[in-house]
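In what follows, a single structure is set out as structure tokens and then discussed.
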2 protein chains.
Amino acid sequence: MSDLRKTSVQDLLRSTDLDREVLVKGWVRTRRGNKYVQFIALNDGSGFNSIQVVANAEQFPEEKLRADGVENGAAIAVRGRLVASQGKGQAVEIQADEITVYGSADTTTYPLQKKGHTLEFLRGIAHLRPRTNTFGAILRIRHAMAFAVHQYFNDHGFYYVHTPIVTGSDAEGAGQMFRVTTLPDQNPPLTEDKSGVDYAQDFFGKQTNLTVSGQLEAEVAAMALGKVYTFGPTFRAENSNTARHLAEFWMIEPEVAFNDLQDNMDLAEDFLKSLVRYALEHCPDDLKFLNEQYDKELLTRLQFVVDNDFQRLTYTEAVEILKKAKQKFEFPVDWGTDLQSEHERYLVEKHFKKPVILTDYPKDIKAFYMKLNDDGKTVRAMDVLFPGIGEIIGGSQREEDLTKLKDRMAAMQVPEHELWWYLELRQYGTAPHAGFGLGFERLILFITGMANIRDVIPFPRFPGSAEF
Amino acid sequence: MSDLRKTSVQDLLRSTDLDREVLVKGWVRTRRGNKYVQFIALNDGSGFNSIQVVANAEQFPEEKLRADGVENGAAIAVRGRLVASQGKGQAVEIQADEITVYGSADTTTYPLQKKGHTLEFLRGIAHLRPRTNTFGAILRIRHAMAFAVHQYFNDHGFYYVHTPIVTGSDAEGAGQMFRVTTLPDQNPPLTEDKSGVDYAQDFFGKQTNLTVSGQLEAEVAAMALGKVYTFGPTFRAENSNTARHLAEFWMIEPEVAFNDLQDNMDLAEDFLKSLVRYALEHCPDDLKFLNEQYDKELLTRLQFVVDNDFQRLTYTEAVEILKKAKQKFEFPVDWGTDLQSEHERYLVEKHFKKPVILTDYPKDIKAFYMKLNDDGKTVRAMDVLFPGIGEIIGGSQREEDLTKLKDRMAAMQVPEHELWWYLELRQYGTAPHAGFGLGFERLILFITGMANIRDVIPFPRFPGSAEF
């Protein structure tokens, strides 16, 4: 091969500098043709579209290509001329001068055959599924959304804070936790009175778990840097084998000092619209494919979120609407209970026909740190509800009053001694502040139109599965 | 307060639109003055510099301010006029019309007194230390570096991949691991023959640990998307209580299909220079403070990295140089053993006086996945060595040959059945590829000039400590 540097497929497809020598490296998606010419669709993952390589049968007879392993899945390098395409469907193609095979893929055993595969089958080969059109598209969109998150916050003066994954506190009450330990798994050391395991001898000198949320630590940072966000993995040890739950997922949590609930809603709406707009602008090919293949309403629904102001109303108003609704619900609606997905989707898809933000939920169904309203019954919570997906964001203004916070902790049996540092934030220079959490995989479900959350993360973790 | 929207301190300090009404919210850094006028330095975390609030004593007598709690650490809002400053040291200041106190900080108990505090003392109050000049600067620089990482890769066509935190494989051999479990901590279920714990009954149906590296999974993604990177938390359960080790730290790992060791070195050098350049451009105030306060050579050393081409040589050549060195080393230098920090720093700081990349290490001191050289003795590894810090990046070209990889795994006792999926990457469409790991906290140590790694992460995790 010459000294030529390799070019990405996407750069070549966008190129207007034709009739030059190029070098491209990637994987064969398909090879077809006849006794005069062979066509190889070559993809290097840089984008949805493959580039067509035209191999003249005189130089590259089909038998030779087959013998060399130039088949579906093989990794090859192609040196040739970038020319205007003769055929339909692409503007440019490569006239091959030299083909080098790095690694073939045995056509009799390679799991990714030319036929379509079910998503369930592909879940079992998570190490190969990124090579398919579907998962290539999903993973590129996932990247674009992650970058858009960082760019939005950076542009708006927020600081990224890495909150800890291993935590000694289990006081947040957000769900069951995974224990982290280096003690022997059999016969661990016991406390002197033999009543339990002696975690003083564990690595961290106390019992530790995987975090369920970075919020409380993000509040620490917000009380110093003003506007901050987290974006990291969080964990739930709930035994829920559903299409909407993962044991390990990524969460985005902005937290802003001096923001109230109104500011918080404004931020959530602007943030979500900005992310959807970014996807529409930066991922047109991948979105078009998913729209055609999986969900014909996808692009319409994305545009719908960008174009509509989110409807804002209180939980109490929403309950009134749901009680008057002509629709039959599986679960009854009663003030004081949490809304179900069917209720949330009714509000968004049937009643308002736009994204909805519900506020001021009953205090008993919300976390201890949410700011109590003057009515003594509701808290300054907010949930953002999206079409097709229900709750996509949950947030609140935080209780900044030390006395009220302690009262709520006592009522909800959250031990003060575990959160002594959190309470000190209210003791020294306390201020109104607010924030929210966006489950990153929920966002990707919405943006891609996929139905199963295990299909929007590279290596899903759920009960019974920690493969790869 | 009026309908005026709050402005950040940094925006006000940069403002040229004077003599207008502004609203600013933040924390009092200092209050001083006399019987005619009081000066409040107000900081909201948006940047290093505080804005001076001038409070006329007629409207705001000192006794009143003190009684209201307008003291060091208090959270306040100030409405007033932005005017050209009368005094030295700032271009603009605020003439206060209205001061609202959200929360005071009892001067007798607030841990952050006006006097300086040791870094060790501040480590014990990690929930308050972000409010100091030092940690404000460090955390803003940490944000800037995280954003620069994402921007660099996005601009260069890389895709961000979230590799799993909980893993069922412990075959990477990078260090001791933390066990993740939901089994009872006492008397867990045993296997039928009572020989051990029955992990089939654990949450994931097998024994799981916290990841030590996302590399192997990043290779999966690179073999489909071409150019990828990870940026996430990684864990080591080593009992090392040093200023350079954390049990939980963030790591950046790019992986590129079709790259060889040369490409890998080019990428590492360009990437590191780009990050340092970004810090110099985007964090001048924070860096200036750290340069003055902690390390007078800091800015010089950063510029040094940007200005110099990294010296590249083999491990074998480096050993020759070290053997001939006039300097006395604590540890002897011998071909076949790993270099110590003193050796690395000699090469960088004394011999070459520039960053150094060492390549082609003896295979026995490097991981199983590194590509074997034709000499049968060395592997295509590379370490990037920096002044003051030693190794900042470790990487390699990966072994893409299935047979050679299996041989190395057998020799190093890495079980094939645990990495069946990794081996399949070499069975189907294998290709040359390379990547490296950059410990994010090592980078932040270098950029900030701090000496202890516990001071460059918001909530450090180390033996005996999982507070906050």
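What you see is a predicted model, and the numbers here were worked out from it, not measured in a lab.
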Contact origin within B:F147 toward chain A - heavy atom pairs under 4.5 Å
side chain

Can you tell me which of A:A247, A:P460, A:P233, A:G73 forms the most heavy-atom pairs within a distance under 4.5 Å of chain B?
A:P233

Side chain, backbone, both or neither: which part of B:P164 has an atom under 4.5 Å from a heavy atom of chain A?
both

d(A:N187 CG, B:N187 CG) to nearest 0.5 Å is 8.0 Å

Per-residue contact mode, B:T132 against chain A (heavy atom under 4.5 angstrom)
neither

Among B:E424, B:R140, B:E400, which residue forms the greatest number of heavy-atom pairs with chain A at distances under 4.5 Å?
B:R140

Can you tell which part of A:F135 gets under 4.5 Å to a heavy atom of chain B, answering side chain, backbone, both or neither?
neither

CD of A:Q427 to OG of B:S104: how many Å apart, nearest 0.5 Å?
9.5 Å

Please give me the minimum heavy-atom distance between A:Q186 and B:K194, naming the atom from each residue.
NE2-O, 4.4 Å

Given that the side chain runs from C-beta out, which part of B:P184 has a heavy atom under 4.5 Å from chain A: side chain, backbone, both or neither?
backbone

Give a yes or no on whether the backbone of A:L183 and the side-chain of B:R179 come within a donor-acceptor separation of less than 3.5 Å.
yes

So do the side chains of B:Q151 and A:H150 get within less than 4.5 Å of each other, counting heavy atoms only?
no

Contacting moiety of B:A74, where chain A heavy atoms sit under 4.5 Å
backbone

Greatest number of heavy atom pairs closer than 4.5 Å to chain B - which of A:A75, A:G232, A:A224:
A:A224

Honestly, the part of A:A222 sitting under 4.5 Å from a heavy atom of chain B is backbone

Side-chain donor or acceptor of A:E248 paired with backbone N/O of B:I165 under 3.5 Å:
yes

Residue A:F440 versus chain B: region with a heavy atom under 4.5 Å:
side chain

So does A:F468 get a backbone contact from the side chain of B:Y422, meaning a donor-acceptor N/O pair under 3.5 Å?
no

Between B:G226, B:G196, B:G157, B:P188, who has the most heavy-atom pairs with chain A when the cutoff is under 4.5 Å?
B:G196

Which of B:A105, B:A144, B:A146 touches chain A most, by non-hydrogen pairs under 4.5 Å:
B:A105

For the pair A:F203 and B:F462, evaluate side chain to side chain contact (heavy atoms under 4.5 Å, CB included) and give the outcome as yes or no after the intermediate values.
CA-CA 8 Å; A:F203 186 92; B:F462 51 89; 5.9 Å; no

What residue, out of B:P458, B:A431, B:G103, B:G429, has the most heavy-atom pairs lying under 4.5 Å from chain A?
B:G429

B:K6, part contacting chain A, at a heavy-atom distance under 4.5 Å:
side chain

Side chain, backbone, both or neither: which part of A:F235 has an atom under 4.5 Å from a heavy atom of chain B?
side chain

B:P463 versus chain A, heavy atoms under 4.5 Å apart: side chain, backbone, both or neither?
both

Decide yes or no for B:H143 and A:N154: does some side-chain heavy atom of the first lie under 4.5 Å from some side-chain heavy atom of the second?
yes

Given 3.5 Å as the limit, does a donor-acceptor pair link the side chain of A:Y160 with the main chain of B:R142, or not?
no

Residue of the set B:W250, B:F459, B:F249 for which ring-ring contact (aromatic ring centres under 6.0 Å, His included) holds with A:H162
B:W250

Side chain, backbone, both or neither of A:A200 within contact of chain B (heavy atoms, under 4.5 Å)
neither

What part of B:L112 gets closer than 4.5 Å to chain A, counting heavy atoms only: side chain, backbone, both or neither?
neither

Provide the closest heavy-atom pair for A:A466 versus B:T208 in the form atom of the first, atom of the second, distance.
CB-CG2, 3.8 Å

Side chain, backbone, both or neither of A:W421 within contact of chain B (heavy atoms, under 4.5 Å)
both

Option that, when pairs with chain B are counted at under 4.5 Å, heavy atom only, ranks first among A:V228, A:N43, A:L210, A:L128
A:L210

Ring centres under 6.0 Å, that's the criterion: do A:Y102 and B:F258 meet it?
yes

Can a donor-acceptor pair be found, under 3.5 Å and without considering hydrogens, that links the side chain of B:Y428 to the backbone of A:T109?
yes

Let's test your reading of the structure: which of B:D401, B:L425, B:D263, B:D44 forms the most heavy-atom pairs below 4.5 Å with chain A?
B:D44

So which of B:L225, B:N72, B:V220 has the biggest tally of heavy-atom pairs under 4.5 Å with chain A?
B:L225

Of the backbone (N, CA, C, O) and the side chain (C-beta and beyond), which part of A:P130 lies under 4.5 Å from a heavy atom of chain B, both, or neither?
both

Candidate list B:T182, B:V166, B:T181, test side chain to side chain contact (heavy atoms under 4.5 Å, CB included), partner A:F178, passing option:
B:T182

